[in-house]
Number of protein chains: 2
Amino acid sequence: MICGAAMDFANRLRPSHLALLMRIAETGQLQRAAQMAAMSQPAASRVLAEIEARAGGALFERHPKGMRPTALGALCIRHAKVILEEYGALEEEARRVTSGETGRVRVGAVTGPAVGLVMPAVRQVRAEAPDIEMTIGVGTSNELVRGLVDGHYDFIIARLPPNHDSRDFRLHPARNETVSLLVRPQHPLAGRREVTLAELLEHEWVVQELPSPIRQAVEAAFHSQTLDTPPRVTNSSSLLVVLALLESTDTIAPQTREVAQMLAHGALGAKLVELHLAEPIMVSPCFIIQNRFRPLHSAAERLLRAVFDHL
Amino acid sequence: MICGAAMDFANRLRPSHLALLMRIAETGQLQRAAQMAAMSQPAASRVLAEIEARAGGALFERHPKGMRPTALGALCIRHAKVILEEYGALEEEARRVTSGETGRVRVGAVTGPAVGLVMPAVRQVRAEAPDIEMTIGVGTSNELVRGLVDGHYDFIIARLPPNHDSRDFRLHPARNETVSLLVRPQHPLAGRREVTLAELLEHEWVVQELPSPIRQAVEAAFHSQTLDTPPRVTNSSSLLVVLALLESTDTIAPQTREVAQMLAHGALGAKLVELHLAEPIMVSPCFIIQNRFRPLHSAAERLLRAVFDHL
DNA sequence: GCACCACATATCATCTGAGGTATGCAGATT
DNA sequence: AATCTGCATACCTCAGATGATATGTGGTGC
């Protein structure tokens, strides 16, 4: 056997070679195949000759009118079709991934921006590129930042925890958040205008535990008016607990404005109202945070742009 | 879109690249993948970097302990498996064709060698390489030579027709043929030893038409003993006619020795016997003939060798 | 016999790609 | 802090692939 030369015939067959073979088979003429491949006829002739040399036999019978595949040639062409098909599929899918038409995005956010920023952005991207798989994580800023560092999130919207070096991140301020106070419609203060904090002191409250930003914001608001903080407080971050209390008692529940509005005015039919405060309660601002050294892939980039659109 | 660079990403992905990707994914380490591919780690690193540049995104996440595929990388690997599989199949099938383990052979022969040479050779090749598809054509030398010139046969075993330029062919003498005379067992001469031609003159004969070689050989045998040719002759080349006459009458039927032996002693159960002649009747010799300028492919080469083995 | 067509061959220039070694860099481990 | 591991980068070499032009060859058709 005259081995040695044909050591790995197929591995040296590049896709362009396969394409040439197919074009020759299609047209039956080397010349046409050559000009389809944007090369000169001699070049095509030589490429074919080299392939045949490595294959160890002729792939085409030379006829005066053109070329017709031999058994070996037909074999190659049969496989070439499959291979090129697969290459095309790979190219197409890769294009869709790199162009952000498909992919997986994982975004994290604290409750307010999750409702007010991420959800609209997700809906927008979902409409534009339905093949993107988006995962929205909601948690505390600390959890989110840890998730970002671990690579669990592509980017997050959270408050900046003090214990992380901000040089590791790329930050963009998100819009300011304010706190709304939710009550049930039967609450004595419901419908009142310009409610002061002092009036709220003696009511029941259900608030997230310290050191949550909302709790901090609420307490800061009282402190800034040299008031004590409300004494009758139930601690819970559970929305379930909050809703249960709101539904059955005259409890006041602070929530970010976005969440409050969703609950009060949304299509969910929750019968809740926002108190009208004399002065707004501001929460420490959120940031859009991404890992400085981990570039976003296209799908994530796309969602991020959508988030910016909704700032 | 930053097109232009990634014009045809997949087409520049060579099989070796795909293999590298798969090895990286398998081992999770660039180094191992590199040494599996018998290359240095930096080379592998650069290859990967180039692929990623063309793909438009990272294919692997770099971890301190190694590499893990990204979504894009997993996509490529998925397709790479299919492509490499197909390349492998192509290589394997091509190897079998070029090494003559499979393929199509078309051989032609006149009756004698068809039975005595080609059939044993075919059986041998069939046993060694069952995937070779063999076609045996039987005909007159003229038909066979025409078929050889037309490319219908890879090679033939025939007598040399005078009207063809023997420089177009490569010739090998096949073994000499002799004619046997078949009769039914009840024939008066059956079992007799040293039958002379003169004794045969007045019997019935069934012989091929002139200018068939057997007819020529028979007539030449009579002429060489200054005898007339048998007068009571039925002309037919049809084996069916011959067998019908032999079965029902005391007709003498000349056939090449191979055919006669197959009929008389074969497993077919034909009740026929060969006459025992005082002097053998020689047929003009056959040649193994191939087209001088059309090289045989491996499967044909293989069958040809088998034919030579049976010379 | 001559023109024509299609493929093959020759020759040259060019450049991509594959490979090597040496070295840098970052995270992890001890 | 020092070391180890694993990948990236820089720089150089070189074979082989690519591509164009010009020319040869072997058929068909007039």
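To find a chain, count down the sequence lines: A is the first, B the second, and so on, and within it residues start at 1.
Considering only heavy atoms from C-beta on, A:Glu177 comes within 4.5 Å of A:Pro113 through its side chain.
By the 4.0 Å N-to-carboxylate-O rule, B:Arg23 lies too far from B:Glu26 to be salt-bridged with it.
Counting non-hydrogen atoms of neighbouring residues, nucleotides and ligands closer than 6.0 angstrom, the NE2 atom of A:His172 reaches no more than 12 such neighbours.
A:Thr102 places no side-chain N or O within 3.5 Å of a backbone atom of A:Arg96 that could act as its donor or acceptor partner. Listed for the B:Arg159 side chain is a donor-acceptor partner under 3.5 Å among the backbone atoms of B:Ser284. Between the side chain of A:Gln208 and the backbone N or O of A:Gln216, no donor-acceptor pair lies under 3.5 Å.
Nearest approach of A:Asp154 to A:Arg104, heavy atoms of both residues: OD2-O, 3.8 Å. Listed here is the closest heavy atom pair of B:Ala55 and A:Thr98: O-CG2, 3.0 Å.
Along DNA chain D, read 5' to 3', the first and last nucleotides having any atom under 4.0 Å from a heavy atom of chain A are D:dA17 to D:dT28.
At whole-Å resolution of the value, CZ in B:Arg14 and P in C:dT16 are 15 Å apart. Atoms CG (B:Leu20) and P (C:dG17) sit 15 Å apart, rounded to a whole Å.
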At under 4.0 Å between heavy atoms, which parts of nucleotides 5-15 of chain C does protein reach? Answer with one letter per nucleotide, 5' to 3': B base, S sugar-phosphate only, - none. -SBBB------
